[in-house]
2 protein chains.
Amino acid sequence: MNRKLRVSAVTPDIVIGDLDGNLARLHNALRAIEWTGPYLAVLPELATSGYVFTDIDEARALSLRADDARLTALADDVPADCVAVVGFAEVDGDTLYNSAIVIGDGKVVGTYRKAHLWAAEPEIFATGVEAGTVIDTAICRLGVAICYDNEFPELPRRLALRGAEVLALPVNWPLVDRPEGEHAPETIQAMAAARSSQLATVIADRRGTERGVRWTGGTAVIGPDGWIKATPQGDETIATAVLDLTDSKAIGDRNDALADRRPDLYRDLVESGEAATDIPD
Amino acid sequence: MNRKLRVSAVTPDIVIGDLDGNLARLHNALRAIEWTGPYLAVLPELATSGYVFTDIDEARALSLRADDARLTALADDVPADCVAVVGFAEVDGDTLYNSAIVIGDGKVVGTYRKAHLWAAEPEIFATGVEAGTVIDTAICRLGVAICYDNEFPELPRRLALRGAEVLALPVNWPLVDRPEGEHAPETIQAMAAARSSQLATVIADRRGTERGVRWTGGTAVIGPDGWIKATPQGDETIATAVLDLTDSKAIGDRNDALADRRPDLYRDLVESGEAATDIPD
């Protein structure tokens, strides 16, 4: 079955430490996308709190339970027939997670806890127990992962094998050096992962600078062919594109991105323990 | 341990059907790189035969046993202290393989049979029994894969986990449409794979056209950071670069491209059978 899905990647202003203000900005951002008519809207990682925490106490003060009414109230402003994915700092008992909530049809339809933590995140967050997740929503079978998760090629592949049609990827990508004319390295990894599994990917990144960390501004919609279909232009904060989705993973007449796999030959990928270190001197 | 390794990706002329002529061109190409002083030289897929076979009979007539003296004699022209990887059409009994031979120190040190076959290749070639291979050579622990193999992100990852320091990738990439300013899609996949596993990749592609198939000209040396370090310029047929190799897979102070993996969460990657198809209509 072929069908078209209009999606938006959204990069609203987010202010570290301003939980109430960020929630208000997220309400505004969700209202602002309604005119584009998206069926999927993706917003950044840790959009309720900001990213560059001073310490765990600050993170805790900015965290919300997944069922906190201040968070779930975002559902009121998700456009009709749209599913929104929003990163937030989650607290569950004494434990914090770097999470994303999936909201649609006026309610929460899923949450995901980041499985691969970056830099100082392990000082704050516990890891999730699933490497990305797949959630059946009214609009598509939706993959969800967060930022550094997608630098592990195992993860988008796994979600595609589980039938994900689109990957929602909230991120906070710190800007790194790159050769002139090149995309950000994380963008290249996302383009390659999308093409390898013909899995469209919707990336919401940050803009500007937070406590000295400059963001990449990698917000983009990547098609199932791996090419960038939309990015925000100039001062825009929304990138919208129509994805052509199909159940087929065919590459030309003779090949298939998933069926051509030879999983019996990939056992190394699931074996724990150290990588081989018997490298000759 | 850090060390530097000078490598060359080589794209000699190859003429479909001209086995003797191609072998002579390969001897010439190996002699021609000596002045660059490489420790690794990679030449294209099916460099002895050409790629666009009319039928299996033609392929068979152009195939060589891995121990055929016409093939192993290439060792005579591999520069001292250099390991060369050359794609060839292999015959073993009645069976053909799309293979690569690894030659160094005057002898054959390994062969690899392509595991993921593209387009009409299954009408001609049997598949190999390993998804890429790792060979200990005098100059490094060398990963070897062929063309379409590397579009499966499982494969370069697997080789990195087995300690490969450099991936030698003979290819024949048919040119496909791409947006202006973008690399070939296979190049993007190779850049992403290199960065994901910090695995330098040396790609030898074809140039020009063969029986109506136009080649991408994707010959390149990609560093362990995922950036292209060298490509042939203008009419050049060799790209040479010095790779900085290290045993470390560290990303900054806190992360590690392999140690941060969570292999227990990647079981889907090794399960056979159909991908999930319960996609809602």
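Computed from heavy atoms alone, side chains included, the values below leave out hydrogens, waters and symmetry copies. Just so it is clear: chains get the letters A, B, ... in the order the sequence lines come, proteins before strands, and each one is counted from 1.
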Interatomic spacing from [atom1] in [X] to [atom2] in [Y] - rounded to 0.5 Å:
X: A:I251; Y: B:Y148; atom1: CD1; atom2: OH; answer: 3.5 Å
X: B:Q189; Y: A:Q189; atom1: CD; atom2: CD; answer: 13.0 Å
X: B:D225; Y: A:D177; atom1: CG; atom2: CG; answer: 11.0 Å

Please determine, among [options], the option with the most heavy-atom pairs under 4.5 Å with chain A.
options: B:G181, B:P185, B:A131, B:P156; answer: B:P185
options: B:E186, B:R178, B:R158, B:K249; answer: B:R158
options: B:T127, B:D264, B:D253; answer: B:T127

Select one option (side chain, backbone, both, neither) describing which atoms of [X] are under 4.5 Å from chain A's heavy atoms.
X: B:V129; result: backbone
X: B:D256; result: backbone
X: B:E151; result: both
X: B:A120; result: both

**Prompt:** Under the 3.5 angstrom rule, does the side chain of A:D268 hit a backbone N or O of B:L155 as a donor-acceptor pair?
**Reply:**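 Flag not set: sc A:D268 to bb B:L155 has no pair under 3.5 Å.
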
**Prompt:** Is a side-chain donor or acceptor of A:R254 paired with a backbone partner of B:P122 at a separation under 3.5 angstrom?
**Reply:**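 Pair absent, no side-chain N/O of A:R254 close to backbone of B:P122.
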
Side-chain heavy-atom pair [X], [Y] within 4.5 angstrom cut-off:
X: A:H116; Y: B:N255; result: no
X: A:I188; Y: B:R195; result: no
X: B:H183; Y: A:M191; result: no

**Item:** Selection from A:A115, A:G252, A:G226 maximising heavy-atom pairs under 4.5 Å formed with chain B
**Value:** A:A115

**Asked** Looking at A:E182, A:R267, A:E121, which one has more heavy-atom pairs under 4.5 Å with chain B than the rest?
**Response**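 Max contact count across the listed options: A:E182.
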
**Prompt:** Is it the side chain or the backbone of A:S197 that comes within 4.5 Å of chain B heavy atoms, both, or neither?
**Reply:**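 Contact with chain B involves no heavy atom of A:S197 at all.
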
Would one find more than 12 heavy atoms of other residues, nucleotides or ligands at under 6.0 Å from atom [atom1] of [X]?
X: A:D55; atom1: CG; value: yes
X: B:R211; atom1: CZ; value: yes
X: B:Y39; atom1: OH; value: no

**Prompt:** At their closest point, which heavy atom of B:F152 faces which heavy atom of A:A257, and how far apart are they?
**Reply:**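 That would be CE2-O, 3.8 Å.
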
**Asked** Which of these passes side-chain contact (heavy atoms from CB on, under 4.5 Å) with B:E154: A:R157, A:R262, A:E154?
**Response**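 Among A:R157, A:R262, A:E154, the one that satisfies the side-chain contact (heavy atoms from CB on, under 4.5 Å) with B:E154 is A:R157.
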
